[in-house]
Amino acid sequence: MLRMARLATAYPTLWLTVRRWRQWLAADKPAWIHSNGFKTHLLSSWAAPSGCVVFWHLHDFLGERPLLRRLLHRAWRPGIEAIAISQAVADDFKRHLPQCPVHLWLNTVDTELFIARNTVGNWLDTAGGLSEPWNGLRIGLVATYARWKGQEVFLQAAKQILRELTVPVRFFIVGGPIYQTAGSQWSESELQKIIRDNGLEGKVGVVAFQKEAHKVYQALDVVVHASTRPEPFGLVIAEALACAKPIVAALHGGAAEIGIDGEHCVGHIPGDPVSLAGALVRLIRNDELRLRLGKSGRQRMVMDFSQIQIMPRWKSLLSKCGLPC
């Protein structure tokens, strides 16, 4: 009821925005529009002039958005086509809007920014409140503080590893909150409490969000992806692989399409700290495996996920639709 009341309040502003878009687009006469995000998909479909092709770029699962799912179903018309960032996203979208053509474009990564480079990780120790110097391995989970990103699973796995191994290793949680929704994400104080309750003080550093993510990967020896629910894609996996870093990943959803278990990464059971710990122990104990996975992961990103593929994709799609490039 509260959501419907908010929608009713926003209705006049929404249609004023649509009317302005229509006026602007009618004057500009675009041959096609590229839309990102479910809300802009709605606006583009309502405001696009007759004959204008609209491409909805799908970055999330439509099945998780019941209200927008109904609205998009009503908004779709011939001349609207979709671009999905993973097969998982494409399959989800087809289940709910089967009449809409869908093109699969796996996300890309800047392989000239995210490069194979090992840097001294002391700055991570300092940022995470850990003492220096340190000559052991650094293992990090890089993610927003959304609870489904698996920070608690990661910390439980760290506790098990430190109990079983004598190899010097430190763990890092790198990220921060991005939503205002209460309860959907961790606060730093909550994460610090979990660290204390598990006796991980001095072994786990909590590092604030870093704008230059490539520098984080380059300072880590192993990167962890621990999402407990399917990812639309899993950009952290692609970025870490582009930096030639071995990664342990929860291979479900779009994340399962980026790397092959044992060839580019090591997979683990989503939400299972024992499985995650076992996968990490494999990498901690095997220098050659870390090196091999990092090298093959980098090669995969350059060959199949480089941004140089974006323009050829657009030219091909526009040509198929009879549109100017």
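FYI, the numbering just counts along the sequence from 1.
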Answer yes if Leu130 and Ile161 sit in the same cluster of Ile, Leu, Val, Met, Phe, Trp and Tyr residues linked by side chain heavy atoms under 4.5 Å apart, and no otherwise.
no
Please determine whether the number of non-hydrogen atoms from other residues, nucleotides or ligands lying under 6.0 Å from atom NZ of Lys203 exceeds 12.
no
So, the side chain of Gln151 versus the backbone of Thr144: is there a donor-acceptor pair under 3.5 Å, distance only?
yes
Between His73 (side chain only) and Arg69 (backbone N and O only), is there a donor and an acceptor less than 3.5 Å apart?
no
Is there a path from Val89 to Ile80 through hydrophobic residues (I, L, V, M, F, W, Y) whose side chains come within less than 4.5 Å of each other?
yes
Kindly say whether Pro270 contributes a backbone atom to a donor-acceptor pair with the side chain of Thr228 at under 3.5 angstrom?
no
Of all the heavy-atom pairs spanning Gly202 and Arg170, show the shortest one and how long it is.
O-NE, 4.2 Å
Just checking, is any N or O donor in the side chain of Glu164 or Gln160 under 3.5 Å from an acceptor N or O on the other one?
yes
For Arg313 and Thr108, which heavy atoms make the closest approach, and how far apart are they?
NH1-CG2, 3.7 Å
Is a side-chain donor or acceptor of Trp314 paired with a backbone partner of Leu318 at a separation under 3.5 angstrom?
no
Would you sort out whether Trp186 and Trp148 count as a ring pair (Phe, Tyr, Trp, His ring centres under 6.0 Å), showing the intermediate values?
CA-CA 10 Å; Trp186 298 107; Trp148 64 273; over 10 Å; no
Less than 4.5 Å apart, any side-chain heavy atom of Leu293 and any of Leu241?
no
Minimum side-chain heavy-atom gap Val102-Lys94 below 4.5 Å
yes
May I ask you to check whether Phe55 and Trp105 place their ring centres under 6.0 Å from each other?
no
To the nearest 0.5 Å, atom CG of Asn286 lies from atom CZ of Arg292 at 8.0 Å
Between the CZ atom in Arg20 and the CG atom in Leu25, the distance rounded to the nearest 0.5 Å is 14.0 Å
Would you confirm whether Ser296, through its side chain, and Glu263, through its main-chain N or O, come within 3.5 Å as a donor-acceptor pair?
yes
Grab the two heavy atoms, one from Val109 and one from Ala242, that are nearest each other, plus how far apart they are.
CG1-CB, 4.1 Å
Would Leu124 end up clustered with Tyr145 when hydrophobic side chains under 4.5 Å apart are linked, directly or stepwise?
no
Around Glu64, counting heavy atoms of other residues, nucleotides and ligands shown, do more than 12 lie under 6.0 Å from its CD?
yes
So how far is it from Leu58 CG to Ile83 CD1, rounded to the nearest 0.5 Å?
8.5 Å
Evaluate whether atom CZ of Arg77 has more than 12 neighbouring non-hydrogen atoms of other residues, nucleotides or ligands under 6.0 angstrom away.
yes
Do the non-hydrogen side-chain atoms of Leu200 and Leu155 ever get within less than 4.5 Å of each other?
yes
Closest non-hydrogen atom pair between Gln185 and Ile178, with its separation
OE1-N, 3.2 Å
Where Ala157 and Pro273 come nearest, the two heavy atoms and their spacing
CB-O, 3.5 Å
Would the His57 and His34 ring centres measure less than 6.0 Å apart?
yes
Taking the side chain as every heavy atom from C-beta outward, state whether Leu106 and Ile85 have any atom pair closer than 4.5 Å.
no
In this structure, would Leu137 and Trp134 fall into the same cluster of hydrophobic residues linked by side-chain contacts under 4.5 Å?
no
Under 4.5 Å between side-chain heavy atoms, counting indirect links through other Ile/Leu/Val/Met/Phe/Trp/Tyr residues: same cluster for Val167 and Leu280 or not?
yes
Got Leu162 and Val169 here, is their nearest side-chain heavy-atom distance under 4.5 Å?
yes
Using a strict cut-off of less than 4.0 Å between a Lys/Arg side-chain nitrogen and an Asp/Glu carboxylate oxygen, indicate whether Lys193 and Glu190 qualify as a salt bridge.
no
When rounded to the nearest 0.5 Å, the distance separating CG of Asn36 from OG1 of Thr40 is 6.0 Å
Look at the side chain of Lys245 and the backbone N and O of Asp221, then say whether any donor-acceptor pair between them is shorter than 3.5 Å.
no
Just to verify, which of Val142, Val216, Asp125 counts as forming a side chain to side chain contact (heavy atoms under 4.5 Å, CB included) with Phe172?
Asp125
Check whether any side-chain N or O of Arg22 sits under 3.5 Å from a backbone N or O of Trp46 as a donor-acceptor pair, and report yes or no.
yes
Does one side chain, of Ser35 or His41, offer a donor that lies under 3.5 Å from an acceptor on the other?
yes
Would you indicate whether the side-chain heavy atoms of Val174 and Leu141 approach each other to under 4.5 Å?
no
Looking only at side-chain N and O atoms, does Glu239 offer a donor or acceptor that is under 3.5 Å from a partner on His214?
no
Side chains of Phe38 and Leu71 in contact at under 4.5 Å (non-hydrogen atoms)
no
Can you tell me if His225 and Glu231 form a side-chain donor-acceptor pair at under 3.5 Å?
yes
Mark yes or no for whether Gln309, through its side chain, and Asp304, through its backbone, hold a donor-acceptor pair below 3.5 Å.
yes
Are the side chain of Arg290 and the backbone of Val222 linked by a donor-acceptor contact shorter than 3.5 Å?
no
Distance-minimising heavy-atom pair for Leu113 and Gln218:
O-NE2, 4.1 Å
Approximate separation, where rounding is to 0.5 Å, of Asp91 CG and His96 NE2
11.0 Å
Below 4.5 Å, heavy atoms only, C-beta onward: do Trp56 and Trp76 meet side chain to side chain?
yes
So, the side chain of His252 versus the backbone of Ser227: is there a donor-acceptor pair under 3.5 Å, distance only?
yes
Rounded to the nearest 0.5 Å, how far does CD1 of Ile237 lie from CZ of Phe305?
10.0 Å
